[in-house]
Visitor: 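Quick one: structure below, then a few questions.
So that the names make sense, note that chain A is the first sequence line, chain B the second, and so on, each numbered from 1. Please read these numbers as outputs of a predicted model, since none were measured by experiment. Computed over heavy atoms, backbone and side chain alike; hydrogens, waters and symmetry mates excluded.
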2 protein chains.
Amino acid sequence: MDRRQRKTRAAIFQAFTELLSEKSFDKMTVEEIIKRADVGRATFYAHFETREYLLKELCHELFCHIFDAVSPTPSDHRHIFACEEHDSVFLHLIKHLEKNDNHVLKLFAGKNNELFLGYFKRGLRELVKANLSMFARRKSDFLPEDLWITHITSTFVETIRWWIDNGKQESAESVAEYFFGLV
Amino acid sequence: MDRRQRKTRAAIFQAFTELLSEKSFDKMTVEEIIKRADVGRATFYAHFETREYLLKELCHELFCHIFDAVSPTPSDHRHIFACEEHDSVFLHLIKHLEKNDNHVLKLFAGKNNELFLGYFKRGLRELVKANLSMFARRKSDFLPEDLWITHITSTFVETIRWWIDNGKQESAESVAEYFFGLV
DNA sequence: TCCATACAAAACAATTTGTTCTATAAATAG
DNA sequence: CTATTTATAGAACAAATTGTTTTGTATGGA
C-alpha cells in the first residue's frame, strides 16, 4: 500500500474517530470529516464509498484487535479450561474495554449507534458461541440455541451500556458478575 | 381539531406507515411522504417539525393503544394476582402483537429502527416495573434494580425480534415461555 | 531519473431540506 | 345561510449535502 494512501487513510480514521466522540454518526457529514482530516473530497470517496463503509472498516479494525486480544490462541491454554467467571474471556473483554478508555467506549453509550453495536455484536457472537459451555447447559434443552446465543450476546452489550451510562462506577469484576448473574 | 387537520394528519400517518414497511426510516425523505400522502410540503411542516417527530407521534399513538390494551385497569382484577406465565400481561402483549400483524411488527425486525425500539422500550419499561414481582426476587439482592429492569425489558424486545426474524413460527405461548425461561 | 498514481482544488448537477408567499378552498361561528 | 377564520396547495426559494468529474501537481516506488 502506497505511503500516501496509508497517511490519508490514517488521517480520515483519526478525524472520524474524534468526531465520533463529539457527535453521533448520522449527524456527521462527509464535509466535516474531510475538513478535519484535511483531505480532498475526491480523495475521501476514493478510499470509502460511503460514510457507512468508513464506519464498517473502522469497526473491523477496532474489533479485530479487541477480540484477538482476549481470545485464546490454539497454543495458549490460559482460557481453555477457564470456565470460571473470575478468569473468563468475558471478564478479560470487560477489562480490555475498561483499560482502553478512548473513543470506543463512548460509542456504546451514545444514541444512533445501531450500526456500531451491530458490528460489535457480530464479533461478540463468535466469542459467545466458542464459550457456550461457560453458561448453564440445561437451557439448551428447551430453548433454541440460536435464541440462547442471541440472548447472551445482547445481554453482554446491554450490561456494558448500563455500565457506561452509569459512569463506570463498578469494577470490571463486578460488571462481569452482573453479566453472569443475568444469564 | 379541524376536520381538515384530522384528514391531513391521517393521510400523513397512513403514507408514513406504508413507507415504513417498504424501507427503513432514515432512508425515507419528506418528499416521498408528502407525495404519497398527497399533501403540500408546507402542510407537512405545519404538522410535524421533523421526520423524527412524526415517528415519535406515530409510536406514541401505537404504543399507548397497545400498552393500554394489555395493562389491567384499577377496576380490572384480571392480572392483579396473575403472576403465572400462562396468564401474564407479557403473554397478552405477545398475543396482541401476533394478532395485529400489520405494520407494527415489521418495525421490530428491520434495521435502522433504533428510534422505534427506543420508544417501545420506554413504554415496556413501565410494564416491567409494574410486574417485577413476576420475576425472581432474589436477583435484586445482588443486582442493581435498574440493571435488572433494563435486562428484562431488552430481553423481551430481543425475543420478539428473534421471533419475527424467524418468520413467527412459534406460538405466542412458546414465545412467552422462552421469554420467561431467559429471564 | 522516470513513470505511475495519489492527491488537491474546483466546478458541477442532483437531492433534500426548511421557509415564505399568495390564492383558494373548506370549516366553523353566528 | 352568511361571514369570518384558517388550513391547505402550489410554487418559488436559499442553503446544505452528496457523489462525480476534470486538471494540474507532487509524491512514491522502481
Visitor: With nearest nucleotide decided by heavy atoms, which residue, A/M1 or A/R51, maps closer to the 5′ end of DNA chain D?
Guide: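 On the 5' side of the pair lies A/R51.
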Visitor: Among the candidates D/dA12, D/dT20, D/dT17, find the nucleotide nearest to the side-chain atoms of A/T29.
Guide: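 That would be D/dT17.
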Visitor: Given C/dC7, D/dA11, D/dG19, which nucleotide is nearest the side-chain atoms of A/R4?
Guide: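 My answer, after comparing the listed nucleotides, is C/dC7.
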Visitor: Establish, with yes or no, whether the OP1 or OP2 oxygen of D/dT8 is under 4.0 angstrom from a side-chain nitrogen or oxygen of B/T8.
Guide: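 Indeed, a polar side-chain atom of B/T8 lies that close.
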Visitor: Roughly how many Å is it from NZ in B/K35 to P in D/dG10, rounded to a whole number?
Guide: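 My rounded result for the distance is 14 Å.
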Visitor: Could you please name the option among D/dT20, D/dT8, C/dC7 that lies closest to any side-chain atom of B/H47?
Guide: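 Selected nucleotide: D/dT8.
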Visitor: Please state how far atom CG in A/L54 lies from atom P in D/dG19, giving the value in whole angstrom units.
Guide: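 It is 12 Å, rounded to the nearest whole Å.
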Visitor: Please give, in whole Å, the distance from D/dG10 P to B/F44 CZ?
Guide: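 Roughly 17 Å, once rounded to whole Å.
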Visitor: Across the strands shown, which category fits A/A46 at heavy-atom distances under 4.0 angstrom: base, sugar-phosphate, nothing?
Guide: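 Counting heavy atoms under 4.0 Å across all strands, no contact is made by A/A46.
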Visitor: With a 3.5 Å cut-off and just heavy-atom distances, do the side chain of A/R3 and the base of D/dG29 make a donor-acceptor pair?
Guide: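 No, the side chain and the base share no sub-3.5 Å donor-acceptor pair.
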Visitor: The side chain of A/Q5 lies closest to which of these nucleotides: C/dT19, D/dA9, C/dA6?
Guide: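 Ranking C/dT19, D/dA9, C/dA6 by closest atom to the A/Q5 side chain puts C/dA6 first.
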Visitor: For the pair made of OH in A/Y45 and C1' in C/dA9, what is the distance, rounded to whole Å?
Guide: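 These atoms are roughly 16 Å apart.
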Visitor: Could you tell me the separation between the CZ atom of A/R9 and the P atom of C/dC7, rounded to a whole number of Å?
Guide: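 Computing the A/R9:CZ to C/dC7:P distance gives 11 Å.
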Visitor: Using a 3.5 Å distance criterion without hydrogens, assess whether the side chain of A/R36 forms a donor-acceptor pair with backbone atoms of A/L19.
Guide: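 No: the side chain of A/R36 does not pair with the backbone of A/L19.
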Visitor: Between A/K27 (NZ) and D/dA16 (C1'), how many Å, whole number?
Guide: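 It works out to 16 Å between those atoms.
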Visitor: I want to confirm an ordering. Mapping B/R6 and B/E49 to their closest nucleotides on DNA chain C, which one lands closer to the 5' end?
Guide: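 The residue closer to the strand's 5' end, by nearest nucleotide, is B/E49.
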Visitor: Nearest whole angstrom, please: distance from the P of D/dG19 to the CD1 of A/I33.
Guide: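 Going from CD1 in A/I33 over to P in D/dG19 covers 11 Å.
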Visitor: Are B/L105 and B/K168 packed together at the side-chain level, in the sense that at least one heavy-atom pair is separated by less than 4.5 angstrom?
Guide: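 Answer yes - side chains close enough.
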Visitor: With no angle test and no hydrogens, is the base of D/dG10 tied to the side chain of B/R41 by a donor-acceptor pair under 3.5 Å?
Guide: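 It does not, because no donor-acceptor pair links the side chain of B/R41 to the base of D/dG10 below 3.5 Å.
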Visitor: For B/D68, is there any backbone N or O sitting under 3.5 Å from a side-chain donor or acceptor partner on B/S71?
Guide: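 A pair under 3.5 Å: no.
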Visitor: Please identify which of these residues, B/R6, B/Q5, B/R4, meets the side-chain hydrogen bond (donor to acceptor under 3.5 Å, both in side chains) condition with B/D2.
Guide: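 Option passing the side-chain hydrogen bond (donor to acceptor under 3.5 Å, both in side chains) with B/D2: B/R4.
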Visitor: Do A/E114 side-chain atoms and B/N112 backbone N/O form a donor-acceptor pair below 3.5 Å?
Guide: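 Looks like yes, one N/O pair under 3.5 Å.
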Visitor: Among D/dG28, D/dA9, D/dG19, which nucleotide sits nearest the side chain of B/T43?
Guide: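 Comparing D/dG28, D/dA9, D/dG19 against the side chain of B/T43, the answer is D/dA9.
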Visitor: Counting only side-chain heavy atoms from C-beta out, which of C/dT17, C/dT20, C/dA27 sits nearest to B/E31?
Guide: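 Between C/dT17, C/dT20, C/dA27, the one nearest the side chain of B/E31 would be C/dT17.
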Visitor: What is the distance, rounded to the nearest whole Å, between atom CD1 of B/I34 and atom P of C/dT15?
Guide: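 Taking CD1 of B/I34 and P of C/dT15, I get 15 Å after rounding.
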